[in-house]
Enquirer: 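Structure in structure tokens, see below.
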Amino acid sequence: MPQIRFIHPDGTEEVVEGAGSDSVMRAAVSHGVDGIVAECGGSAMCATCHVYVEEAFLSELPPMSEVEDELLDGTASERRSNSRLSCQLKMAEVPDGLTVRLPDSQL
Amino acid sequence: MTRNDDGVVVFRENPFTKQWVFDPETLQEKLREAGPVVWLETHGCYAVARYQEVQAVTQDWATYSSASGTGLANYSKVKPWRDPAIVLEADPPKHARGRTVFTRALSPKRIRDLREPFQAYADTLVDAALDKGVVDGVAEIAQAFTLKVFPDAVGMPSANRHRFLEYGDMQLHSFVPPDWLDHDPYENQAEVADWVLNNCKREAIVGDGFGAVIYEAVDAGEITEAEGQNLVRSFLAAGVDNSISSFGNALWCYAKYPDQWEKLRNNPGLLRNAYEEVLRFRGPLQFNFRTTTKETELSGAHLRENEKVCVFIASGNRDPRRWPDADTFDIERKATGHMAFGTGIHGCVGQVLARLEGEALFSALLKRVRAFELAGEPAPRLVNVVQSFERLPIRLIPN
């Protein structure tokens, strides 16, 4: 199964696996990764599964929908050029070993 | 067990009668145990009530469409009672325009800015309720709070807001018309619908709230004036009634299970999760409908094209296949993943706002209330599509 690397604000790292049909958010939540809140459960409503994608992987990700774009304008931690919502990234569509940084806060 | 010609289990009892308004849990269990997909003989439609199938149907908008209405009536066969909602009752690509504007108006940042005014009003309201001691938790807490903060956030005038409650009744009875009413729920339909729509017009909207954001999108040419009005109406129609119901239900939960309120008092960090558990355990919305766009298979059952599917959402949130001790109210449970707001593209767009309202109201109560006690028999609201209270006499015991 493909792997995702999460880097916490304090620098600690966690590597989790997820099935191809899952989202990166779902893989994080099912492994109890702190820092992914995902209150809305993946419906692109709440922007509490915000991640910063390591630059090297950015161009390999699927494009962003208008709704994701709007939601990222309202994240609790500042939006950057590498911001994405992890619920919108399907494991099957992201490169194995994708590395993302978690923001300071989601709420 | 009887099966229809396609092999789908036939469910013979009428699931929409008054009896089940008072006891939805028993109905939910019967439906879940009958099979993953059943055919409702009394209403001629399919139904799903287990977590897995509820989620599967709700997330597959292409097979299970909302464009023919989210009630029993199939808009491809009968005329809707009002113009269809342009986001809830639409599928992609038509769905996207309105949804994008909704998302902007309800952006998490805009909602965080409402925290302070919501909290201030919640504190005032709770002080007044404590002065009285015994209150109707529905009218004096849940309704009073929601009818103030929500239309304020939209930018609606403050007069006659109780008319939303009449609109709510009309709207809820339209899902599956009840067979027990001794009055016509639509007798004031034209008047109430006009009042709501007039209050959604540009001229009526004040300030820089959600309503103003929607009309900015009209000015920018993203949506038409009529679509703007339709979106404001959807905001109010969906947001007011369900929020009130959920807060009434939450008060009832804490009166019924005082140990859980005690737990919350000892650990206020559980506040947000506690509201999720209220929604899982006793969320307002019982069911809604989709329509099959083609022949399809679901969990081994064969479904025909252009048939209604009743999705028993609240039942999925009590499915023991998904939730250990599903019938236990436990605010420490990991309750995210419940579907009280729906899920998929038609999930509630205002859910972030509802959570903020809940947080403001219950943190105000948490500061000052040691315990809740029922001060009389609660009166359930006689509506089949939501579980909520008409009246909830409740005593607030101060710290």
Side-chain angles (χ1 to χ4, degrees), chain A residues 18-52 62-80 83-92 102-107, chain B residues 51 54-56 58-59 61 87 92-93 95-115 213 217 222 269 271-273 275-276 279-280 316-317 322 334-356 358-359:
Chain A
S21 57
D22 273 354
S23 63
V24 171
M25 175 279 281
R26 183 73 56 204
V29 168
S30 59
H31 289 85
V33 173
D34 281 342
I36 297 288
V37 177
E39 269 185 341
C40 81
S43 299
M45 307 280 171
C46 71
T48 63
C49 64
H50 177 203
V51 295
Y52 299 118
M64 185 183 294
S65 70
E66 279 182 57
V67 165
E68 182 181 350
D69 195 9
E70 289 284 353
L71 274 168
L72 283 167
D73 282 340
T75 48
S77 293
E78 62 158 346
R79 178 178 186 169
R80 299 180 195 148
S83 286
R84 291 298 300 259
L85 295 182
S86 55
C87 72
Q88 300 300 299
L89 302 173
K90 290 265 181 301
M91 293 294 287
L102 294 161
D104 290 330
S105 75
Q106 297 280 15
L107 287 169
Chain B
Y51 185 91
V54 168
Q55 188 178 48
T58 315
Q59 295 194 341
W61 57 264
V87 178
H95 170 268
R97 284 195 306 166
R99 169 70 207 275
T100 304
V101 175
F102 259 156
T103 307
R104 185 180 314 146
L106 288 163
S107 95
K109 177 168 180 327
R110 293 184 64 86
I111 287 173
R112 279 194 300 274
D113 291 343
L114 293 169
R115 186 181 295 267
V213 177
E222 286 180 73
L271 189 63
R272 278 182 89 89
N273 193 63
Y275 184 52
E276 300 303 314
L279 292 169
R280 183 200 71 82
N317 291 337
R322 166 66 176 77
K334 195 164 174 41
T336 46
H338 72 72
M339 299 175 291
F341 289 116
T343 176
I345 67 164
H346 293 294
C348 170
V349 77
Q351 55 183 279
V352 181
L353 185 65
R355 290 190 172 96
L356 178 66
E359 191 182 351

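Every chain is numbered from 1, with letters handed out A, B, ... down the list of sequences.
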Enquirer: What part of Arg110(B) lies closer than 4.5 angstrom to a heavy atom of chain A: side chain, backbone, both or neither?
Expert: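 Neither part.
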
Enquirer: Check whether any side-chain N or O of Arg272(B) sits under 3.5 Å from a backbone N or O of Glu39(A) as a donor-acceptor pair, and report yes or no.
Expert: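 No: the side chain of Arg272(B) does not pair with the backbone of Glu39(A).
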
Enquirer: Taking Thr75(A)'s backbone N and O only, do any of them form a donor-acceptor pair with Arg112(B)'s side chain (distance below 3.5 Å, no angle check)?
Expert: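 Answer holds: yes.
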
Enquirer: Where do Val29(A) and Lys334(B) come nearest, in terms of heavy atoms and distance?
Expert: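 Smallest heavy-atom distance, with atoms named: CG1-CE, 4.2 Å.
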
Enquirer: Just give me the residue among Gly337(B), Cys348(B), Ala96(B), Gly350(B) that pairs up with chain A most often, heavy atom to heavy atom, under 4.5 Å.
Expert: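 Among Gly337(B), Cys348(B), Ala96(B), Gly350(B), the one with the most close pairs to chain A is Cys348(B).
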
Enquirer: Using a cut-off of 6.0 Å, state whether more than 12 heavy atoms not belonging to Arg26(A) lie near its atom CZ.
Expert: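 Open.
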
Enquirer: Between Ala38(A), Cys40(A), Cys46(A), which shows the greatest number of heavy-atom pairs under 4.5 Å with chain B?
Expert: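 Winner by heavy-atom pair count: Cys40(A).
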
Enquirer: Heavy atoms only, distances under 4.5 angstrom: which of Glu276(B), Gln59(B), Lys109(B), Gln351(B) has the most pairs with chain A? Name it, please.
Expert: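 Of the options given, most contacts go to Gln351(B).
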
Enquirer: Of Val67(A), Asp69(A), Asp73(A), which is the lone residue that meets side-chain contact (heavy atoms from CB on, under 4.5 Å) with Thr103(B)?
Expert: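 Filter result, single survivor: Val67(A).
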
Enquirer: Search all heavy atoms of Ser43(A) against all heavy atoms of Gly344(B) and return the closest pair with its distance.
Expert: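 Minimum heavy-atom contact is OG-N, 3.3 Å.
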
Enquirer: Among Ser65(A), Ala44(A), Ala47(A), which residue has the highest count of heavy-atom pairs closer than 4.5 Å to chain B?
Expert: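 Most heavy-atom pairs under 4.5 Å with chain B: Ala44(A).
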
Enquirer: Is there a donor-acceptor pair under 3.5 Å between the side chain of Ser107(B) and the backbone N or O of Leu71(A)?
Expert: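 Judged by distance alone, no pair lies under 3.5 Å.
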
Enquirer: To the nearest 0.5 Å, tell me how far Met45(A) CE sits from Thr343(B) OG1.
Expert: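 Answer for the CE-OG1 pair, Met45(A) versus Thr343(B), is 8.0 Å.
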
Enquirer: Looking at Thr100(B), Val352(B), Thr336(B), which makes the most heavy-atom pairs under 4.5 Å with chain A?
Expert: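 The residue among Thr100(B), Val352(B), Thr336(B) with the greatest pair count is Thr100(B).
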
Enquirer: Working to the nearest 0.5 angstrom, can you tell me the gap between Leu107(A) CG and Leu356(B) CG?
Expert: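 The CG atom of Leu356(B) is 10.5 Å from CG of Leu107(A), to the nearest 0.5 Å.
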
